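Worksheet: one structure, shown below.
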Protein chains: 2
Amino acid sequence: MRSAETPLIRSLPLFRDMAEANFDTLMRGAYLQTFPPQIELITEGDPSDFLHVVIDGSVELCAGWNGRETVMATVRPISTFILAATIRNAPYLMSARTLEKSRIVLLPSVDVQAVFDVDAAFARAVVTELAQCYRGLVKHTKDLKLRTSVERLANYLLRKYTAAGAPAALDLVIEKRRLASYLGMTPENLSRAIKSLQAYGVTIEGSTVRISDPADLIGLAKPTPRIDDAAH
Amino acid sequence: MRSAETPLIRSLPLFRDMAEANFDTLMRGAYLQTFPPQIELITEGDPSDFLHVVIDGSVELCAGWNGRETVMATVRPISTFILAATIRNAPYLMSARTLEKSRIVLLPSVDVQAVFDVDAAFARAVVTELAQCYRGLVKHTKDLKLRTSVERLANYLLRKYTAAGAPAALDLVIEKRRLASYLGMTPENLSRAIKSLQAYGVTIEGSTVRISDPADLIGLAKPTPRIDDAAH
DNA sequence: GCTCTGGTTTGATTATTATCAAGTCAATAG
DNA sequence: CTATTGACTTGATAATAATCAAACCAGAGC
């Protein structure tokens, strides 16, 4: 691959510190592809051949069992997904599907592994990234096990609100049924949870969220850095 | 540290392939300590100073929020815990508590990080271990989001049963209230879930589990490698 | 032996969440 | 402009799980 996106990828924490020669090796074997919406990029259970980097658009990671399905995460530019499967050379545990028209870089797993072995800076970056992903998932699990659905919604909204810098109106980016699945509830239940947050100054019209009294909502949500901080 | 446990630690996948000199460095800075039962080894939110290795006994990883608490995992010999916090040099997301009298090796995080930077084999082992932990947590999350409590119990029992080689009687090692918390339910609910599995040939008396008709139980549990396999 | 303790079980009740079935609404294709 | 589609909402109901309270039971200590 040789394209305008190369410097963009280079700027990611995962690739930032590695030697130029090794980065070139990775890029030589890479493919940049554009996918239409609703395309299944990878399927749960398939062998992991590529590390994926979302350049543009958005991708949903989901998992199914016995006819049920749940959204595990949404990946937005610029970031990678299924690093763990690539590293372990094991089958995917989640499926990935484009939500909109998306441009994605595919890095062959063999190249990633080869470069990992010779580039200490890259190795460190992979570890850092993986540890970050792990900790993110620990937080998600705590969210699911320790909170009710209304509490999960309240904290989700506060996280987005804070990340956006406490704006008067906030866009809900994700479809409600997908948000419901991500938060571990049904669309109907989300609809009712939204209604019950009106008592705490939250209004959601279409995809526009307004929080009139953050302090009140915080009183209900009781956010903690050990679940709700992106950094930590 | 210089003790009889050194070769035991050396045999772990995490330390197996590293250079002898680097392993010695790690061991020089290490402490081996014996803790009584019910001791809080680390507390959620504290800075991460040590990588822990359980040599003997057992340790419970748990997390709390707003007066509620949940068991995230149980660590048994020989394995490490809180690798991710050590790597990221970030506060612990979980607390750790001994369940019984336990011997634990403490490796200063600074040493782990220093050796990581100079030993490629160790770096690769850390990545492999972290990826394994990550995938284990993905499975746990899928289990929680896609299955009912009875299904989670059925699959938990089948996993233990299979791992033990399909014995006539199986010991339930963990206390029921802890198992309940791990599986995301109350002790009362677990008690009822056990009862409802009697219809599928499962009897649990005290801590002894008997599965008279595995095929029948499998029909209910519908286990899948993408949730229930330790390896994958 | 007894008593105390804490885990477990059981029953009754409530809370929470899911399911089913209509409806509303907005965007879009024809 | 109308018809269709699919997301979202609402209401009624059912399933699932939590809570509360009371027993039960086994092991530890006396």
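We name chains A, B, ... by the order of the sequence lines, and we start the count at 1 in each one. Predicted model only: the values in this text are computed from it and were never measured.
For B/Glu175, counting side-chain heavy atoms from C-beta on, the closest listed nucleotide (D/dA18, C/dT8, C/dA18) is C/dT8. The listed nucleotides are D/dA17, C/dT8, C/dA18; the one nearest the side chain of B/Lys176 is C/dT8. In the set C/dT8, D/dA17, D/dA7, the nucleotide with an atom closest to the side chain of B/Thr148 is D/dA17. The side chain of A/Lys195 lies closest to D/dT10 when the candidates are D/dC8, D/dA17, D/dT10.
Between the CG atom of A/Leu183 and the P atom of C/dT16 there is a distance of 17 Å, rounded to whole Å. Following rounding to the nearest Å, B/Lys145 (NZ) and C/dA18 (P) show an atom-to-atom distance of 11 Å. The separation between B/Glu151 atom CD and D/dA15 atom P is 15 Å, rounded to whole Å. To the nearest angstrom, C1' of C/dT16 lies 8 Å from CG of A/Asn189. B/Leu99 places its CG atom 12 Å from the P atom of C/dG7, with the value rounded to the nearest Å. Rounded to an integer number of Å, the gap from B/Gln38 CD to C/dG7 P is 9 Å. A straight line from CE of B/Met185 to C1' of D/dT19 spans 16 Å, rounded to a whole angstrom. A/Arg147 has its CZ atom 14 Å from the P atom of C/dT17, to the nearest Å.
At least one side-chain heavy atom of A/Ile218 sits less than 4.5 Å from a side-chain heavy atom of A/Pro223. Considering only heavy atoms from C-beta on, A/Tyr161 stays 4.5 Å or farther from A/Val209 through its side chain.
Figure legend: B/Arg226 and A/Trp65 shown without cation-pi pairing, the cationic atom not lying both under 6.0 angstrom from the six-membered ring centre and within 45 degrees of its axis.
Checked by distance alone, A/Glu188 brings a side-chain donor or acceptor within 3.5 Å of a matching partner on the base of C/dC20. Scanning atom types as modelled, one donor and one acceptor separated by under 3.5 angstrom connect the side chain of B/Arg192 and the base of C/dG11.
Nucleic acid contact class of B/Thr186 (heavy atoms, under 4.0 Å, all strands): base.
Dashed line: the shortest gap from a side-chain N or O of A/Ser149 to OP1 or OP2 of C/dT17 is under 4.0 Å.
Within a 6.0 Å radius of CZ in A/Phe81, more than 12 heavy atoms belonging to other residues, nucleotides or ligands are found. Residue B/Lys176 qualifies as enclosed at atom NZ: its count of foreign heavy atoms under 6.0 Å is above 12.
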